[in-house]
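We count residues from 1, following the sequence as given. Every number for a ligand or one of its atoms is a count from 1 in the order of the listing. As the structure is a computational prediction, the values presented were derived from the model and not from experiment. The analysis underlying the following values was restricted to heavy atoms, covering all of them including side chains, and did not include hydrogens, waters or symmetry mates.
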Amino acid sequence: VTAQSHGGLDADELVALGVAGERVVDFSASLNVYGPDPEVAAAARAADLLAYPDPTGAPARRAIAARFAVASDAVVLGNGAAELLWSLARVLVGTGASIVVEPAFGEWRAAVAAGGGRARSVPGSASSLVPDLAAVARAASAAGAAAVYLGNPGNPGGAALPADGIAELARDLGAAFLVLDEAFLALSDRHGDLDRRLPENVIRVRSLTKDHGLAGLRVGYALAPPPICRRVEAQRPPWTTSAPAQAAMIAAMRRDDFVATCRRRLFDDRDRLEAALASLGLAPRPSSTIYLLARVGAASALRTRLLARHAVAVRDCTSFGLPDHIRVAARPAADVERLRSALAQELPCPRERS
Ligand SMILES: Cc1ncc(COP(=O)(O)O)c(C=O)c1O
């Protein structure tokens, strides 16, 4: 995993390019730029730093369990969704192959490999990047897979799958687990599916990173069968989440209204971003969430020019197997204008883009 295989800024790269970090407008990390919610931030700040936090975050697990009407032993906290995905992979790999539905968040594959497992890819359709769930079920059965990794919505494509289709896939998987990465679900058209029941073999991974704009706090959770939650805890150290992280989680469970207000603003921002890209001859794919994927030609070189000359960061999608695409996240109007103007100067001519 290189620095550029995720969104967000790389301090060493900025130094090498001579770009001051505070000047950068970051379209590369897709998260709620209107967060964090003052109430959630205040709860984190008020946490007791002298005492150890609860080893498994029991009070936070109870708050999550109450919000989603599940048992508290069916909830496990993590140091962000990324840590949970790694911990889950360690628990799941021993039993067989893993299927990764691509293109996808790179940590799934890294986590399976680090756990000593074998990951097989099932690609989404080249034109829409929407996974063919029947093909995923067939691949899982052919491989005797123990786990299938799927994002909803997909990253970087942005398509959200209906809960009925996901439930059918989970049933088709039989005894295998479906690790469903819902990092962006609360900021998507299908946010109502956060409360939909899914079959018992679905492990739903979420965090406060995107919807609450709390990437720096590192706190996530999974809704999972209790034996899986117990095994995750058993194979990692105690206190994986800090007292501020646990306090923020408890407060966030009461703040759906904050996320709903931000979602509406971000969707407006996304629509403005889409119009700006369209005005440059880039037609982004339809997205159910707050980021857009655009075909630009050589994405890696474009990304470096945008950063070095304009202090504008975009996500080069080469690590997703899409070296001619960038992903850009919703941001306020003034930032979109800065991106539009930078792209107008730096985009390769249309012939070189196709
Ligand atoms: C699809 C997806 N899942 C999980 C994560 C990781 O989230 P967290 O910050 O909670 O570790 C990301 C971050 O980019 C992501 O894009």
Side-chain angles (χ1 to χ4, degrees), residues 1-10 26-33 35-36 40 44 57 60 64 75-89 100-112 114 124 129 131 148-161 166 178-188 190 194 203-223 232 236 240-242 244-246 248-249 252 259 287-293 313-317 319-322 325-330:
V1 176
T2 65
Q4 286 166 31
S5 63
H6 291 299
L9 305 181
D10 172 11
D26 186 6
F27 287 86
S28 71
S30 305
L31 42 78
N32 177 5
V33 288
V40 175
I64 296 165
V75 180
V76 59
L77 295 191
N79 198 256
E83 184 273 329
L84 264 180
L85 288 160
W86 277 64
S87 293
L88 282 164
V100 168
V101 183
E102 303 270 9
F105 182 50
E107 294 303 318
W108 305 346
R109 196 167 258 289
V112 171
L129 301 185
V148 172
Y149 291 78
L150 175 70
N152 191 39
N155 179 12
L161 300 161
I166 291 173
L178 176 61
V179 181
L180 188 63
D181 186 331
E182 297 183 326
F184 291 102
L185 189 59
L187 294 181
S188 80
R190 292 201 177 270
L194 288 167
I203 299 172
R204 310 177 76 170
V205 180
R206 302 173 182 167
S207 80
L208 301 190
T209 289
K210 318 291 183 185
D211 45 1
H212 277 272
L214 279 167
L217 195 60
R218 312 306 306 137
V219 59
Y221 64 94
L223 307 181
V232 166
R236 68 179 184 186
T240 314
T241 52
S242 66
Q246 294 182 16
M249 186 61 86
V259 176
S287 171
S288 73
T289 182
I290 62 162
Y291 46 82
L292 295 169
L293 190 65
V314 300
R315 172 70 157 91
D316 159 23
C317 290
S319 68
F320 290 110
L322 300 166
H325 285 72
I326 57 168
R327 190 195 65 203
V328 281

* Asked: Is the backbone of Leu185 close enough, under 3.5 Å, to the side chain of Ser188 for a donor and an acceptor to pair up by distance?
  -> yes
* To do: Flag Ala82 as yes when one of its N or O atoms lies below 3.5 Å from any N or O atom of ligand 1, and as no otherwise.
  => yes
* Structure fact -> ligand 1 atoms nearer than 4.0 angstrom to some heavy atom of Gly80 are 10 (O), 11 (O)
* Asked: Sub-3.5 Å donor-acceptor pair from the side chain of Arg315 to the main-chain atoms of Ser5, do we have one?
  -> yes
* **Identity and distance of the protein heavy atom lying nearest atom 11 (O) of ligand 1** => Arg218 NH2, 2.7 Å
* Asked: Can you tell which part of Ala183 has a heavy atom less than 4.0 Å from ligand 1: side chain, backbone, both or neither?
  -> side chain
* **Sub-3.5 Å N/O-N/O distance, Trp108 and ligand 1** => no
* Asked: Given Ser28, Gly78, Gly8, Ala81, which one has a non-hydrogen atom that is nearest to atom 7 (O) of ligand 1?
  -> Ala81
* Asked: Checking Thr289 side chain against Leu187 main chain: does a donor-acceptor pair fall under 3.5 Å?
  -> yes
* Structure fact -> Of all protein heavy atoms, the one nearest atom 6 (C) of ligand 1 is Phe105 CZ, 3.6 Å
* At what distance is the nearest protein heavy atom to atom 9 (O) of ligand 1, and which residue and atom is it? -> Thr209 OG1, 2.7 Å
* Spacing of CE belonging to Met249 relative to NE2 belonging to His212, to within rounding of 0.5 Å -> 8.5 Å
* Spacing of CG belonging to Leu31 relative to CD1 belonging to Ile290, to within rounding of 0.5 Å -> 6.5 Å
* Which is closest to atom 13 (C) of ligand 1 by heavy-atom distance: Glu83, Lys210, Arg206? -> Lys210
* To do: Write out the residue and atom name of the closest protein heavy atom to atom 1 (C) of ligand 1, then the distance separating them to 0.1 Å.
  => Asp181 OD2, 3.4 Å
* Structure fact -> So the atoms of ligand 1 within less than 4.0 Å of a heavy atom of Asn155 turn out to be 1 (C), 16 (O)
* Give the ring-plane orientation class for His6 versus Phe105, where under 30° counts as parallel, over 60° as perpendicular and anything between as tilted. => tilted
* To do: Answer yes or no: is there a donor N or O on one side and an acceptor on the other, between the side chain of Arg218 and the main chain of Glu83, under 3.5 Å?
  => no
* **Ser288 side chain vs Gly158 backbone, donor-acceptor pair below 3.5 Å** => yes
